[in-house]
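Only heavy atoms go into these numbers, but all of them, side chains included; no hydrogens, no water, no symmetry mates.
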Amino acid sequence: MLVIDNLWKNFNGVPALQGVSFAVEKGQIYGLLGHNGAGKSTTLGIILGMVAAQSGDVSIDGISITQDRSRALSKVGAIFEAPSFYDYLSGWQNLKILMSYSGPFDEKLAREVVERVDLTKRIDSKVRTYSHGMRQRLALAQALLPEPEILLLDEPTDGLDPEGIKWFRDFILGLRAERGMTVLFNSHLLGEVEQMCDRIAILQGGKRVFEGPIKGLVEEQQGYEISAELNSDLTKIVDQVLASVGGNWDGASRIFMPHDVDPATILRSLVQAGVPLRSFARKDRSLEDLYMEIKQQHTTIPRSA
């Protein structure tokens, strides 16, 4: 549905993107991760035709944005950077104006979308009276008019309270389940990305340093957290026990082993070897763990899965 092909972009001689490529399949929810300045918003800006790339191309459903921008973007709805509205007008008036930029206003469809984002009771109120969460819902309504095939969302849950974040997550998952919507979004909330996304790409310094599916990434091995007094001799014992089953540990509190290894076997071996364990509890690797591992590697070699 979306192909990012070898994008390069500099700002005043400073590289913002360096050969970034990835693809989003139809119906996928895809997360774009990275630190501030990694190139996430620049990538979305190029997709939307708001930023010009030095080289490379983007195609949406097989249509190049450089060759036929209008037709390509007709398939896209977006929330890019901070949503802007006419604060002195109502939410409904804003939708009518914004929808008119891309075609005739469809009142029936607009009413349905407003109901869907749960703004019906406040849609006729002036936007200056809206909370941050209501503004985000109005932005989402605008992105869904007219009905797009892909949504591009730039930090859509930024500033939302936990209830608002959960509402957004459930809404996006519902769109995918009911309509097969394709979604690309960037976020700093790794827990939300882990719950929502099928695949992720991680950018670092304008380069893609990782690309792969969420499922399986954090489940490659079973993880356990141990609490014990460890000296150099006991550390060697832990390493030896885990090495015997193809496992490893982080040298502090987390150990990892293949899924076909019975943890009771490892626990028994550690106790018999004299390791004074206080606790031994299941704790699998999270997306945050993966993200920090990749960041600490400082690698520029992309990994595909």
Side-chain angles (χ1 to χ4, degrees), residues 1-4 7 9 16-17 20 22-34 39-53 57-61 63-66 68-86 91 94-103 105-106 109-110 113-114 116-117 119 127 132-160 168-169 171-176 179-189 192-193 196-197 201 203:
M1 187 65 194
L2 174 68
V3 177
I4 311 300
L7 291 182
K9 177 64 180 179
L17 294 177
V20 170
F22 59 89
V24 183
E25 299 296 329
K26 186 174 179 60
Q28 277 188 339
I29 300 179
Y30 197 104
L32 196 57
L33 308 181
K40 306 185 302 297
S41 291
T42 300
T43 300
L44 291 186
I46 292 174
I47 296 171
L48 292 170
M50 302 175 70
V51 177
D57 198 8
V58 174
S59 62
I60 299 170
D61 199 19
I63 305 168
S64 167
I65 63 166
T66 57
D68 196 343
R69 175 183 171 185
S70 177
R71 191 159 69 96
L73 293 183
S74 69
K75 299 175 177 289
V76 177
I79 300 177
F80 184 60
E81 297 183 336
S84 296
F85 300 104
Y86 300 103
N94 270 275
L95 287 182
K96 290 180 71 173
I97 292 171
L98 294 171
M99 194 173 177
S100 68
Y101 292 155
S102 57
F105 180 67
D106 186 331
L109 176 60
V113 170
V114 167
R116 189 179 190 89
V117 300
L119 268 183
V127 171
H132 178 68
M134 292 172 64
R135 283 175 173 266
Q136 288 296 92
R137 294 190 189 202
L138 183 62
L140 192 53
Q142 181 268 322
L144 292 170
L145 292 170
E147 296 180 289
E149 296 180 40
I150 180 170
L151 276 179
L152 305 181
L153 306 174
D154 187 18
E155 297 286 354
T157 57
D158 188 33
L160 295 181
F168 174 84
R169 181 206 317 146
F171 185 88
I172 294 300
L173 290 173
L175 278 180
R176 195 263 294 275
R179 296 175 48 188
M181 181 72 74
T182 306
V183 181
L184 170 66
F185 76 101
N186 71 54
S187 176
H188 291 297
L189 301 179
E192 289 303 307
V193 172
M196 292 174 61
C197 290
L203 303 184

Is any side-chain heavy atom of [Y] closer than 4.5 Å to one of [X]?
X    : Y    : result
L119 : M134 : yes
N186 : L203 : no
Y30  : E25  : no
I79  : D154 : no
R176 : M196 : no
M181 : L144 : yes
S187 : T157 : yes
I47  : L2   : yes

OH of Y86: more than 12 outside heavy atoms within 6.0 angstrom?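 Not more than 12 within 6.0 Å, no.
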NZ of K75: more than 12 outside heavy atoms within 6.0 angstrom?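 Correct, the count exceeds 12.
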Nearest-0.5 Å distance that lies between atom [atom1] in [X] and atom [atom2] in [Y]:
X    : Y    : atom1 : atom2 : answer
R69  : S74  : CZ    : OG    : 12.5 Å
I29  : L173 : CD1   : CG    : 5.0 Å
F22  : L184 : CZ    : CG    : 5.0 Å
L109 : L145 : CG    : CG    : 5.0 Å
F80  : M50  : CZ    : CE    : 5.5 Å
R116 : L175 : CZ    : CG    : 5.0 Å

Could you walk me through whether K9 and V20 pass the side-chain contact (heavy atoms from CB on, under 4.5 Å) test, one step at a time? CA-CA 10 Å; K9 177 64 180 179; V20 170; over 6 Å; no
Looking at every non-hydrogen atom in both residues, tell me the closest pair between [X] and [Y] and how far apart they are.
X    : Y    : value
A141 : V117 : CB-CG2, 4.0 Å
L160 : G133 : CD2-CA, 3.6 Å
F85  : R135 : CE1-O, 3.8 Å
V76  : P148 : C-CB, 3.7 Å
G39  : L17  : O-CD2, 3.5 Å
T66  : S64  : OG1-OG, 2.8 Å

Taking K26 for its side chain and T182 for its backbone only, find out whether a donor-acceptor pair lies under 3.5 Å.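 No.
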Taking D158's backbone N and O only, do any of them form a donor-acceptor pair with H132's side chain (distance below 3.5 Å, no angle check)?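 It does hold such a pair.
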Apply side-chain contact (heavy atoms from CB on, under 4.5 Å) to the pair F185 and L151, showing each step before the final yes or no. CA-CA 8 Å; F185 76 101; L151 276 179; over 6 Å; no
